[in-house]
2 protein chains.
Amino acid sequence: MRQTIMIIEDDPHIVSLLAYVFEDEGYSVLSSATAEEGWDLICTQQVDLVILDINLPGIDGLQLCNRIKEHMVLPVIMLSSRDKDDDVISGLELGADDYIKKPFNHREVLLRAGNLLKRAPERDETLLVTTGDLMIDLTKERVSRSGTVLELTPIEFSILRTLAESLDRIVSWQVICSEVWGSRDWEGGHELVKVNIRRLRKKIELDPSEPVYIMNAWGRGYRLLKLEYADSL
Amino acid sequence: MRQTIMIIEDDPHIVSLLAYVFEDEGYSVLSSATAEEGWDLICTQQVDLVILDINLPGIDGLQLCNRIKEHMVLPVIMLSSRDKDDDVISGLELGADDYIKKPFNHREVLLRAGNLLKRAPERDETLLVTTGDLMIDLTKERVSRSGTVLELTPIEFSILRTLAESLDRIVSWQVICSEVWGSRDWEGGHELVKVNIRRLRKKIELDPSEPVYIMNAWGRGYRLLKLEYADSL
DNA sequence: ATAACAAGAAACAAAACAGTAACAAATAGT
DNA sequence: ACTATTTGTTACTGTTTTGTTTCTTGTTAT
């Protein structure tokens with residue numbers, strides 16, 4: 001899903017420059033010359049980030065920023081030619097996430113925007129764990145690999161959740177046992193985990209005999225590896 | 001719980017100004033004039049945010065930022081007198097979360113720091129011990145040398161952890177025994193430690209017959225030496 | 001220098017462990 | 001009640017780890 005940048009700025013040159021830069025990087029761009037129109041667009045369209053000039057005719061950028069922050073969770077970058085510290089400060093105090101002074105370098109804008117967007121999705125979807133091509137949605141209890149949904153049984157999912165909650169850290173079979181089955185007579189616990197790990201691997205690993213996600217740490221337990229994602233979804 | 005700001009900056013005036021400002025707002029402050037010392041503090045102390053000068057003697061701020069971002073989740077604000085766009089950009093590209101140019105307004109620094117901390121409320125509990133090219137991640141239970149992961153057995157790791165927790169100090173074989181095996185009949189304990197130290201060295205030392213990391217203190221025990229890092233990762 | 005002792009090295013067997021498969025019991029859907 | 005799926009149990013195999021022993025090398029103190 002492409003992310004959308006909303007540019008609110010009355011200087012058409014700046015708008016077209018920014019639009020060009022962001023579209024070139026694969027973003028969708030919306031723009032508006034006034035705060036009023038911008039607000040309407042923000043409310044009706046799917047917007048992921050707002051770039052907002054301080055100097056606007058009518059309602060100014062600071063007021064709009066304030067309004068945005070009161071009503072929604074949405075990153076805002078303020079833009080200003082005024083070089084006074086006061087503006088930076090009032091902008092940030094009103095909740096702006098970043099502040100860039102004109103004239104700006106377009107690479108800097110891109111990077112700062114990217115920075116904010118990187119962080120944004122983790123905020124509301126805190127319960128999504130990803131590693132490599134694997135996506136584990138702990139809220140919806142759904143697991144997918146490269147987009148295709150994997151059907152896990154309750155116990156399989158429960159084990160995967162336990163591992164995902166300690167992503168990249170080793171989880172002993174004792175911990176898995178207590179997380180998945182609650183208190184349980186420990187006899188056979190080790191075996192149980194072994195067998196179910198195998199069943200889980202059969203479903204989530206491309207080649208279960210050469211596991212990539214669930215790795216064994218000899219004598220210590222299992223670890224769901226944190227992998228950087230390949231560029232496929 | 002008070003949040004801790006780490007300031008890495010070689011100009012003592014700036015350090016004391018920032019320290020004053022942040023402490024006044026209720027933060028705890030740690031500081032260091034060099035990247036090396038700063039890194040050690042970040043690894044061993046609970047730090048929530050780093051303010052990092054670009055110009056530092058020895059290893060510079062950009063390199064340290066890079067290293068931090070590779071190993072932990074921790075917001076970084078770069079600080080620089082250089083006003084060139086290139087610096088801003090390379091700082092942000094290396095993963096810095098924000099960038100402030102000197103001279104700065106102290107309110108602005110506070111607000112930007114507050115912004116980052118708001119977003120990253122959970123403290124990443126990375127307990128990292130480094131010496132030379134060795135990295136021992138006590139949280140993830142993972143050891144790497146120059147970036148490559150070393151596979152240690154439970155006992156090997158347990159010994160290394162014991163030594164790492166007393167970095168640069170001598171640990172007797174009695175202490176190793178009780179840390180690794182718990183209470184144990186002491187017969188053969190000395191031999192056990194000897195053999196397993198050897199096994200450990202075989203894996204972590206480049207040349208096990210010429211150990212660099214784990215040194216023997218004759219008649220007293222072993223010591224994991226604290227080495228300054230080569231600039232290789 | 002040399003005895004006394006600590007540490008390094010190598011080899012071996014026992015124990016612990018992970019992976020695998022097959023099968024029985026429990027559970028849910030029809 | 002019957003079938004399919006899920007879950008628990010047991011058994012087997014090959015591998016890795018670990019404790020023990022023995023021998024060699026190196027260090028310290030007399």
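Chain letters run A, B, ... following the sequence lines, proteins first and then strands; every chain starts at 1. Keep in mind that the numbers below use all heavy atoms, side chains included, and drop hydrogens, waters and symmetry copies.
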May I ask you to verify whether the side chain of B:Arg199 and the base of D:dG19 hold a donor-acceptor pair under 3.5 Å? yes
Indicate for each nucleotide in nucleotides 24-30 of chain C, in 5' to 3' sequence, whether protein heavy atoms under 4.0 Å reach the base (B), only the sugar-phosphate (S), or nothing (-). -------
Could you tell me whether A:Arg201 contacts a base, only the sugar-phosphate backbone, or nothing, with contacts defined as non-hydrogen atoms closer than 4.0 Å? sugar-phosphate
Sequence neighbours left out, what passes side chain to side chain contact (heavy atoms under 4.5 Å, CB included) with B:Arg220? Give chain and number order. B:Ile170, B:Ala217
Verify the contact: side-chain N or O of B:His190 to OP1 or OP2 of C:dA6, cut-off strictly under 4.0 Å; return yes or no. no
Nucleotide of C:dA6, D:dG19, D:dT18 approaching B:Thr153 most closely (side-chain heavy atoms): D:dT18
Output the rounded distance in Å from CD1 (B:Ile176) to P (C:dA7). 10 Å
Working note: B:Glu179 + B:Arg161, criterion salt bridge (Lys or Arg N to Asp or Glu O under 4.0 Å); need CA distance, chi angles, decisive distance, verdict. CA-CA 9 Å; B:Glu179 285 286 319; B:Arg161 149 186 280 147; over 6 Å; no
The residue, B:Pro208 or A:Arg220, whose nearest nucleotide of DNA chain C is more 5′ is B:Pro208
Below 4.0 angstrom from OP1 or OP2 of C:dA9, is there any side-chain N or O of B:Arg198? yes
Roughly how far, to the nearest 0.5 Å, is CG of A:Leu116 from CG of B:Asp97? 9.5 Å
Rounded to the nearest angstrom, tell me the gap between atom CG in B:Leu192 and atom C1' in D:dT21. 12 Å
B:Asn196 side chain N/O closer than 4.0 Å to the phosphate oxygens (OP1, OP2) of D:dT18? no
Rounded to whole Å, please give me the gap between CD in B:Glu151 and P in D:dT18. 13 Å
Whole-Å gap separating P (D:dT17) and CG (B:Leu200): 13 Å
Please report the closest heavy-atom contact between B:Leu138 and B:Glu165, naming both atoms and the distance. CD1-CG, 4.3 Å
Proximity to the side chain of B:Ser209 - top-ranked nucleotide from C:dA9, C:dA18, C:dC23: C:dA9
Rounded interatomic separation in angstrom, taking NZ from A:Lys203 and P from D:dT6: 5 Å
If the cut-off is 4.0 Å, is A:Tyr222 near the phosphate of C:dG19, judged by side-chain N/O to OP1 or OP2? yes
Side-chain donor-acceptor pairs of residues 188-196 of chain A under 3.5 Å, sequence neighbours excluded:
| residue | atom | partner | partner atom | Å |
| --- | --- | --- | --- | --- |
| A:Glu191 | OE1 | A:Lys194 | NZ | 3.3 |
| A:Asn196 | ND2 | A:Leu192 | O | 2.9 |

Between P on C:dA16 and CD on A:Glu191, what's the gap in Å once rounded to a whole number? 14 Å
Distance check needed: D:dT22 P versus B:Lys194 NZ, whole Å only. 13 Å
Rounded distance (Å) that lies between atom P of C:dG8 and atom CD of B:Glu210: 12 Å
